[in-house]
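Here's the structure, in structure tokens; my notes come after.
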Amino acid sequence: MPELPEVETTVRAINGFENSTLEKIVIHNRNLRWKVDKELEALVANKKIYKISRRAKYIIIKLDVYSLMLHLGMSGKLRIQNKKDNFFKKHDHVEFIFKDKKIIFNDVRRFGSLHITKNINHHPLISNLGIEPLSRDFNKDYLHAICANSKLNIKKLLMDQKKIVGVGNIYASESLFLASVNPLRPAMSLNVSECYEIIKAIKKVLKKAIKMGGTTLKDFYSADGSEGYFKLNLNVYGLEKKPCKKCKHQIKRIVIGQRSTFFCEICQI
DNA sequence: CTGAGATCCTGTCTGC
DNA sequence: TGCAGACAGGATCTCA
């Protein structure tokens, strides 16, 4: 489900828990994308939370010695609930319990994961991640250098988390539409000015999506229960056969790497 | 090393 | 209404 803007929105919704004490974690189902560490509950009991942040699509919860890493996968979401409201929903897998409230991790498809580690940067799932797209270092020269060395098409390259993090299926399609670049273009065929258009488009799309609370297509809700309204700004994603907003030609849907990809054949060359 | 394809899981929607 | 098949916002693993 969640790409960078949805994860960022979720982090902002729970960062009020910074400086709170995590009384305990209760795990109802350890069988997430990876089995949750047996020691995890014991290591986090009654620890203060120093910082809640985001790296790529991971939510990082910094405790004293350890940090928690939470990935929402395709269908994961958090829900803040009063502790005394003791109800459950189907697919509630983990509860983070505080004095008066709790944060619940719900994930239908269980592609999400929860990890504990001493040094985030050394964790194998983090250490190989690529550049943050909203950082200054993500510029046209950087992208052009990556493209020049890749045999992937540009859509696949943008979604490769080892190269650029946070861009998923929705925002890859949307960014390429804004940049007027065909998703099937071999990355190595792109010149510097096309790379410039792409990085501008990615930054613009992600920033706007964060501002609007992410994209709720079906079931994304932030931890405070709010929907994301970026859906209203989608130009191509999920709009097969609808008229292109620039030229009115029908939006086309194709499959790239087993993922639906939407674009305008006329505008995106 | 790179890249293509299968795979984990559950739910919903479409078409016959 | 039932049922098969496609599809869903991710990303790792295996194999060539």
Side-chain angles (χ1 to χ4, degrees), chain A residues 1-11 28-36 54-59 69-78 89-94 105-115 123-130 133 145-176 183-184 186-188 202 205-206 209-210 212-222 227-241 253-262:
Chain A
M1 144 214 301
E3 305 180 36
L4 187 150
E6 290 75 38
V7 178
E8 182 66 32
T9 297
T10 301
V11 165
H28 302 291
N29 187 350
R30 310 190 91 81
N31 295 311
L32 304 181
R33 176 74 170 81
W34 283 276
K35 222 175 179 89
V36 179
R54 179 190 61 75
R55 167 70 174 120
K57 294 174 191 168
Y58 288 90
I59 297 167
M69 297 160 44
L70 178 66
H71 198 295
L72 300 177
M74 287 263 253
S75 55
K77 48 190 167 283
L78 297 181
K89 295 191 178 181
K90 202 172 179 184
H91 309 298
D92 281 351
H93 303 311
V94 180
F105 174 62
N106 179 289
D107 184 5
V108 176
R109 293 172 72 184
R110 280 190 276 131
F111 288 177
S113 59
L114 175 65
H115 313 265
H123 193 281
L125 293 170
I126 298 277
S127 60
N128 293 319
L129 289 172
I146 293 178
C147 286
N149 283 317
S150 175
K151 287 176 186 153
L152 296 175
N153 60 51
I154 184 61
K155 161 92 173 355
K156 284 209 83 175
L157 183 141
L158 293 181
M159 290 178 64
D160 184 343
Q161 304 297 305
K162 288 187 172 60
K163 299 186 170 73
I164 302 150
V165 303
V167 179
N169 206 31
I170 293 181
Y171 298 111
S173 278
E174 291 297 320
S175 299
L176 289 170
L184 291 167
M188 58 169 58
I202 290 174
V205 165
L206 294 180
I210 290 170
M212 305 198 70
T215 300
T216 299
L217 283 185
K218 206 172 110 221
D219 57 2
F220 172 72
Y221 296 94
S222 184
E227 277 189 56
Y229 292 99
F230 190 75
K231 169 177 54 183
L232 303 170
N233 287 73
L234 293 174
N235 286 306
V236 288
Y237 188 86
L239 297 174
E240 184 183 14
K241 294 182 180 160
R253 172 184 176 272
I254 59 173
V255 175
I256 296 178
Q258 300 155 264
R259 311 301 296 278
S260 287
T261 305
F262 300 87

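Order of the sequence lines sets the chain letters (A, B, ...), proteins ahead of strands, with each chain counted from 1. Just the heavy atoms: all of them, side chains too, but no hydrogens, waters or symmetry mates, feed the values below.
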Taking CG from A/L184 and C1' from B/dA4, how many angstroms apart are they, rounded to a whole number? 15 Å
Flag side-chain contact, heavy atom, 4.5 Å: A/L72 against A/E6: no
Does any part of the side chain of A/N128, heavy atoms only, come nearer than 4.5 Å to the side chain of A/Q161, both counted from C-beta? no
Classify A/K163 by what it touches in the nucleic acid, base, sugar-phosphate, or nothing, heavy-atom distance under 4.0 Å. sugar-phosphate
Under 3.5 Å: donor-acceptor pair, side chain of A/E240, backbone of A/F262: no
Regarding the side chain of A/Y58, the nearest nucleotide among C/dG10, C/dT12, C/dA8 is C/dT12
Polar side-chain contact A/R110-B/dC9 base: donor and acceptor under 3.5 Å: no
For C/dG10, is there a stacking contact with A/F111, counting only centres under 5.5 Å and planes under 30°? yes
A/K90 side chain N/O closer than 4.0 Å to the phosphate oxygens (OP1, OP2) of B/dC9? no
Separation of C/dC7 C1' from A/N169 CG (nearest whole Å): 12 Å
Can you tell me the distance, in whole Å, between the CE atom of A/M159 and the C1' atom of C/dT12? 14 Å
Ignoring the backbone of A/R253, work out which of B/dA6, C/dC7, B/dT10 is nearest its side chain. C/dC7
Separation of A/K151 atom NZ from B/dC1 atom P, in whole Å? 15 Å
Examine the base of B/dA4 for any acceptor or donor lying under 3.5 Å from a partner atom in the side chain of A/Q258, and report the outcome as yes or no. no
Does A/S260 reach a base, just sugar-phosphate, or nothing at all? Heavy atoms under 4.0 Å. sugar-phosphate
Compare the minimum distances between each of C/dG9, B/dG11, B/dC9 and the side chain of A/H91, then state the nucleotide with the smallest one. B/dG11
pair_partner(B/dC9), Watson-Crick or wobble, both distances < 3.5 Å, evaluates to none
Rounded off to whole Å, could you give me the CG-to-C1' distance for the A/N153 and B/dG3 pair? 11 Å
Among C/dA11, B/dG3, B/dG11, find the nucleotide with the atom closest to the side chain of A/K57. C/dA11
Using a 3.5 Å distance criterion without hydrogens, assess whether the side chain of A/R30 forms a donor-acceptor pair with backbone atoms of A/V36. yes
Take atom P in B/dG3 and the same atom in C/dG9, then report the distance between them in whole Å. 22 Å
Quick one: is C/dA11 close enough that its OP1 or OP2 comes under 4.0 Å of any side-chain N or O from A/K162? no
Give a yes/no on whether any side-chain N or O of A/S150 is located under 4.0 angstrom from OP1 or OP2 of B/dG3. yes
Is a donor from one side chain sitting under 3.5 angstrom from an acceptor on the other, for A/K90 and A/N106? no
Side-chain contact check for A/H71: nearest option of B/dT10, C/dG10, C/dC7 is C/dG10
Specify the separation, in whole Å, of atom CG of A/L158 and atom C1' of B/dG3. 16 Å
Could you tell me the separation between the CZ atom of A/R33 and the P atom of C/dT12, rounded to a whole number of Å? 7 Å
Using the P atom in both, what is the distance from C/dT14 to B/dC9, to the nearest Å? 16 Å
Just one of A/Y237, A/Y229, A/Y171 clears the side-chain hydrogen bond (donor to acceptor under 3.5 Å, both in side chains) bar with A/T215, so which one? A/Y171
Starting from P on C/dC13, measure out to CG on A/N128 and report it in whole angstrom. 11 Å
Select one nucleotide: of C/dG9, C/dT12, B/dC9, the one nearest the side-chain heavy atoms of A/R259. C/dG9
Ignoring backbone atoms, establish whether A/Q161 has a side-chain N or O less than 4.0 Å from OP1 or OP2 of C/dA11. yes
